[in-house]
Amino acid sequence: MRRFGLIRERIALLLKEAIQRAQAKGALPPVAVTEVALERPQKPEFGDYASTIPLKLSRAARMSPMAIGKAIVDEVSSTDLIGKVEAVPPGFINVTLSESWLANQVDAIIAAGPAFGDIALGRGVRMQIEFVSANPTGPLTAASGRGGALGDTLANVLSAAGFEVEREYFINDAGSRMEVFFQTVYARYAQALGQAEDVPPEGYHGTYVSDLAQEILREYGDRFLRLPRERATEEMGRIALDRMVGAAKRDLADMGVRYDCWFSEQSLYDSSLVKKTLELLRSRGFTDEREGALWFTSSALGEDKDNVLVRSNGAPTYFASDITYHYNKFLIRNYDQVIDILGADHQGHVPRMKAGVTALGVDPDHLTLIVHQMITLRRGDEIVRMSKRTGDIVSLREVLDEVGPDACRFFFLSRSADSQMDFDLDLAKRQSNENPVYYVQYAHARIASILRYAGDVDFMTGNVTLLVSEPEQTLIRKMLQLPELVEIAATRLEPHHLPYFAQDLAAVFHSFYKQCRVVSDDLELTRARLKLVEAAKIVLAKTLALMGVAAPEQM
RNA sequence: GCGCCUGUAGCUCAGUGGAUUAGAGCACUGGUCUUCGGAACCAGGUGUCGGGGGUUCGAAUCCCUCCAGGCGUACCA
């Protein structure tokens, strides 16, 4: 797969070489220059890239920023890439890309095809990203949708950035919540058969459990009532669990979320890995027995408290499973980097997991925990609570059915993980026509339509050097930002920049379309512009693909 | 109490220490004029960047403090 060197890096190198030459000639004092940072100026008249290096060197060099700027600019070697480079007050160096180089990039984009935007940042580093991993004790909630969109998109972005990414869902099919869930299913089943059974006090009161019990009753009859209670609870529970996991898989698949692996928590017990991991922690001196329980002495690793691994009743906690799970990730499957995406309601898990992997002898920097804030669901002014235990659920399924997967993903992705999110279901439905996702998709459909309209015009021979008008160059500039966007999203683990870029790109395309007739009597210009349109389609489709949003040929 | 996150336009939100006027979408108003898809384009304006200090040549951005909201702070997950 072909990957492109970033324009920004090429320019930074040119500036750095210029500085070295200026220093060699004595035009600049030999002060140390670590890196030449480049930014994208807010305004077009300031060029495509700008550096503040003169301002930063001013003090050490004991020269005015403008004098430094001029000394550097004088030494920048001329290339086909740069059209103009100038020093401007108070001490910026502004770089403008050359018209002809920009025009030629249209050919480069078409040659790259769907690989355009891919970069060589990851260099094959093996990375695992785990997300959603919701308890299979009920349907996925809308909140899980946020984790799903975030994790799946981040995985797409990291793959595009050259990481070797595997996506995983941790199925919490063991432990105390599971027992309570099994008992709840049994109670509802028994109730359906006229028995006086109560849902356990900490049980799940949602109607979905009753539905599930009815379903089991229809398919299996009353046979579980004739089995010993413990065995019936276990067997029926396993059936219910399978259905819940199956539903989660369907919901996520319908949202376009893909997984490479669904990993069972129970398997960690079945293979005795939990026991082995606890032994390891014990032998390394990170455990302590107090009040009949086994504690992880995380306070010795800088955490503010210790955490229970095995309760005094002998049952391991979820934390014991999760450390074991990370033992598996790091020491059995040997991932170089692991990312866990959690909801804010699990933020307390972050410091102890960091301490946990440290105790395993793993560099905690190899584990990144991304915490996304909660979403508040509303229907108009009414706030909707989401809890599987109370049964007051807005399921992901419901949101998908109401809003559709594309709008759903686009919406979830449009906010940074750090921000709480308001999701008004009424509004999302009512405004579906005004949702930015349609604006972006419309641009893609319009492009496809233009290409259809052009019919059999063979534009692959088009001469892109004709593409020098302002709307054309603006569109090319915007398209060329995609690789940098991938870099930013991948290094900062922030996929929320994608929807904004998609909107910008669509807007720039619509504006171009309005100003430039594509298919006209001028055959040469038509061919060139069709190439540009084709390139725009590639870039827009790639952006949408990274977000997991459909790129329709027509709407 | 302590910890994490947040506070930017009427609403929902972007904003990697930099450029006399801090951005986008929605909503609102007016225009385009519609032979390639009008689900479009163009033009309009509001901000004590929560308050107050500090660092810096320069702060929405970094530090301190206060206020407000969300979440966490279990032998739950």
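Side chains included, hydrogens not; waters and symmetry mates left out as well; all remaining heavy atoms used. Per chain, numbering begins at 1; letters A, B, ... match sequence-line order.
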**Student:** Would one find more than 12 heavy atoms of other residues, nucleotides or ligands at under 6.0 Å from atom NZ of A:Lys305?
**Tutor:** yes
**Student:** Just to confirm, is there a sub-4.0 Å distance from OP1 or OP2 of B:A77 to any side-chain nitrogen or oxygen of A:Arg311?
**Tutor:** yes
**Student:** Have a look at A:Gln441 and say if it touches a base, only the backbone sugar-phosphate, or nothing, with a 4.0 Å heavy-atom cut-off.
**Tutor:** nothing
**Student:** Under 4.0 Å, counting only non-hydrogen atoms across every strand here, what does A:Ala50 touch: a base, just sugar-phosphate, or nothing?
**Tutor:** base
**Student:** Checking all strands, does A:Thr52 fall into the base, sugar-phosphate, or nothing category for heavy-atom contacts under 4.0 angstrom?
**Tutor:**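 It contacts base atoms.
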**Student:** For a quick test of reading the model, state the closest non-hydrogen atom pair linking A:Pro65 to A:Pro54 and the distance between them.
**Tutor:** O-CB, 3.3 Å
**Student:** Let's test your reading of the pairing rules: Watson-Crick or G-U wobble, both distances under 3.5 Å, then write RNA chain B as a dot-bracket string with ( ), [ ], | and dots.
**Tutor:** (((((((..((((....[....)))).(((((.......))))).....(((((..]....))))))))))))....
**Student:** For the residue pair A:Val399 and A:Cys408, what are the closest heavy atoms and their distance?
**Tutor:** CG1-SG, 3.9 Å
**Student:** Are A:His346 and the base of B:A77 stacked, counting only ring centres nearer than 5.5 Å and planes tilted under 30°?
**Tutor:** yes
**Student:** Categorize A:Met555 for me: base, sugar-phosphate, or nothing, with a 4.0 angstrom heavy-atom threshold over every strand shown.
**Tutor:** base
**Student:** Quickly, which of A:Lys84, A:Arg477, A:Lys478, A:Arg10 forms a salt bridge (charged side-chain N to carboxylate O under 4.0 Å, His left out) with A:Asp48? Name it, please.
**Tutor:** A:Arg477
**Student:** When you measure from the side-chain N and O atoms of A:Tyr439 to the phosphate of B:C41, is any distance below 4.0 Å, counting only OP1 and OP2?
**Tutor:** yes
**Student:** How would you list all residue pairs meeting salt bridge (Lys or Arg N to Asp or Glu O under 4.0 Å) that involve residues 436-445 of chain A, not counting sequence neighbours?
**Tutor:** none
**Student:** Over all strands shown, is A:Asp418 touching base, sugar-phosphate only, or nothing at heavy-atom distances under 4.0 angstrom?
**Tutor:** sugar-phosphate
**Student:** Could you give the distance from OG1 (A:Thr324) to OH (A:Tyr318), rounded to the nearest 0.5 Å?
**Tutor:** 11.0 Å
